[in-house]
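Owing to the predicted nature of the structure, the values given are computational and were not obtained by experimental measurement.
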Amino acid sequence: MSQKATKTWCLRLLPALFFFISFVTYYCSYALLQSYGGTSKSLNSSKSFCGAWLTQKKWESLNFNISRQTELFLKLEDFFWQKHPSKLALPYGIKGCEPLLVKVLAVANHQVPANIENLECRTCVVIGNGFAIKNSSLGSIINKYDVVIRLNDAPVRGYEEDVGSKTTMRFFYPESASNNPGLHNEPSTLMVLVPFKQQDLRWLKEILYNEKRVVKGFWKPPPQIWLGDVNKIRVLDPHFLHQTAERLLQIPLYPKGKQMPVHPTTGILAVFVALNYCDMVHIAGFGYPSSKSQKHPIHYYGYDTMKSMKNSYHDLSQEAQALKKLEDSGAIFYLHPHL
């Protein structure tokens, strides 16, 4: 073949080669954005990247009544205990807590910031406190989500490379509260109280009204001084814990006899809330070590080990199965390898 013919043949191949390179580049970019949040300024820049229709379609197979229109936080103006009296006590209802809630909700806000509430497509990531996220280098990816949900008093400073620095909401209860939320949260972070018992609401009332603190009724003394912004406090509707226990985990709400009660962890609750509120839900830092060693660390911070979970009020194997079911259905996606 002459040099001229060879040159002509190569020129004819260029369009096909260009198409192939473009296709591979697009496919890889799309997969990356779908799985890890990508490199664009906002994950919600396109509905196609959010995959809301796919998530909704797969959720239907689980027979859960999920609606992103559900309000997350309790508010006074609903007078919910008058219109729809709760038949359940905490942690799954508000029966018996009405007087406390009247005072708490007269001060506590219920709104979600407009820049999140008005998004056409919400991308969310729930960051668990598990050891699995350690040395993951996921920080920059986590910061790109619209909503970043963290749990209890898990630290951020000093761990940004792995867990990121952005915190949109932090779920906590009094025993897991930090006395100075400003250390590991942003000024705009919503501090979401998950009330498990009446004492939790009483603690919040005492904080909001600067009343004398009562420490009785807690398994661990909660902070007596709370330096957070009271305007950022929200109270999660117990409806979500109820649905997490009954529909997702299928555990008895109120065990009979001497059977120890089992409640969902804050982590699995946060995942269920995200599935109600977000169009795309990714998670990281979930799962406990497979090692049988009771000395294996369970968090990406601190020194707690598997031994500390021995007498907890949680069914960890049941929650692991629930997360596996959600993952298999396509409802959630892990940002890191896991068992």
Side-chain angles (χ1 to χ4, degrees), residues 42-44 50 52 66-84 86 90-91 93-94 97-127 143 145-152 165-174 176-178 181-182 184-196 200-201 203-210 226-244 266 269-281:
S42 175
L43 284 173
N44 64 295
C50 218
I66 299 295
S67 171
R68 74 195 295 268
Q69 302 303 319
T70 304
E71 293 198 34
L72 302 182
F73 311 125
L74 294 178
K75 58 181 179 178
L76 183 63
E77 46 266 48
D78 281 342
F79 293 103
F80 47 87
W81 52 86
Q82 294 181 15
K83 292 182 179 179
H84 306 286
S86 179
L90 283 172
I94 59 161
C97 295
E98 293 87 349
L100 279 171
L101 278 170
V102 168
K103 295 206 69 175
V104 167
L105 298 180
V107 178
N109 203 332
H110 67 273
Q111 296 174 333
V112 177
N115 64 320
I116 296 172
E117 189 71 12
N118 297 332
L119 287 172
E120 182 183 0
C121 183
R122 301 187 192 114
T123 63
C124 301
V125 62
V126 182
I127 308 301
N143 288 339
Y145 289 79
D146 297 319
V147 177
V148 179
I149 301 176
R150 299 188 191 274
L151 312 172
N152 303 318
S165 58
K166 179 178 180 178
T167 307
T168 314
M169 302 179 191
R170 184 179 287 270
F171 287 27
F172 75 103
Y173 50 93
S176 73
S178 167
H184 295 286
N185 298 288
E186 299 170 281
S188 61
T189 299
L190 299 183
M191 301 299 298
V192 182
L193 177 73
V194 180
F196 284 92
D200 296 347
L201 292 172
W203 172 84
L204 180 55
K205 179 179 73 73
E206 292 165 357
I207 293 293
L208 293 174
Y209 289 90
N210 196 24
W226 194 77
L227 302 176
D229 182 356
V230 296
N231 293 318
K232 296 298 185 292
I233 290 179
R234 304 290 187 269
V235 180
L236 186 71
D237 191 331
H239 161 81
F240 292 103
L241 197 67
H242 177 204
Q243 292 295 299
T244 303
T266 315
L269 168 66
V271 171
F272 191 79
V273 170
L275 288 168
N276 277 264
Y277 189 68
C278 309
D279 296 284
M280 184 177 76
V281 179

Spacing of [X] atom [atom1] and [Y] atom [atom2] [to the nearest 0.5 Å]:
X: N185; Y: K232; atom1: CG; atom2: NZ; answer: 11.5 Å
X: C97; Y: D200; atom1: SG; atom2: CG; answer: 9.5 Å
X: D229; Y: S188; atom1: CG; atom2: OG; answer: 10.5 Å
X: E71; Y: D237; atom1: CD; atom2: CG; answer: 9.0 Å
X: K166; Y: D146; atom1: NZ; atom2: CG; answer: 6.0 Å
X: L193; Y: I233; atom1: CG; atom2: CD1; answer: 8.0 Å

Q.
Check whether F171 forms a cation-pi arrangement with R150 (NZ or CZ under 6.0 Å from the six-membered ring centre, at most 45° off the ring normal).
A.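 Here R150 fails the 6.0 Å and 45° test against F171.
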Q. Is the Lys NZ or Arg CZ of K103 less than 6.0 Å from the centre of Y209's six-membered ring, within 45° of the axis?
A.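 Yes; both conditions hold, so K103 lies above the ring face of Y209.
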Flag side-chain contact, heavy atom, 4.5 Å: [X] against [Y]:
X: N152; Y: Y173; value: yes
X: P195; Y: V235; value: yes
X: L90; Y: L241; value: no
X: V148; Y: I127; value: yes
X: V104; Y: L208; value: yes
X: E77; Y: H110; value: yes
X: V194; Y: S176; value: no
X: I116; Y: T168; value: yes

Q) Can L236 and L74 be said to form a side chain to side chain contact (heavy atoms under 4.5 Å, CB included), step by step? A) CA-CA 6 Å; L236 186 71; L74 294 178; over 6 Å; no
Q. Is the F172 ring parallel, tilted or perpendicular to the W226 ring (thresholds 30°, 60°)?
A.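 Aromatic pair F172/W226 classed parallel.
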Backbone N or O of [Y] within a donor-acceptor pair of the [X] side chain at under 3.5 Å?
X: R122; Y: M280; value: no
X: N210; Y: E206; value: no
X: T189; Y: M169; value: no
X: R170; Y: L190; value: no
X: T244; Y: F240; value: yes

Search all heavy atoms of [X] against all heavy atoms of [Y] and return the closest pair with its distance.
X: P181; Y: G228; answer: CD-N, 3.6 Å
X: P238; Y: P91; answer: CB-O, 3.6 Å
X: A270; Y: I149; answer: CB-CG2, 4.0 Å
X: C121; Y: D279; answer: CA-OD2, 3.3 Å

(Q) Just by distance, no angles: are the side chains of E117 and Y277 close enough, under 3.5 Å, to form a donor-acceptor pair? (A)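 E117 vs Y277: donor-acceptor pair found between side chains.
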(Q) Walk me through whether L101 and I94 qualify under side chain to side chain contact (heavy atoms under 4.5 Å, CB included). (A) CA-CA 8 Å; L101 278 170; I94 59 161; 3.7 Å; yes
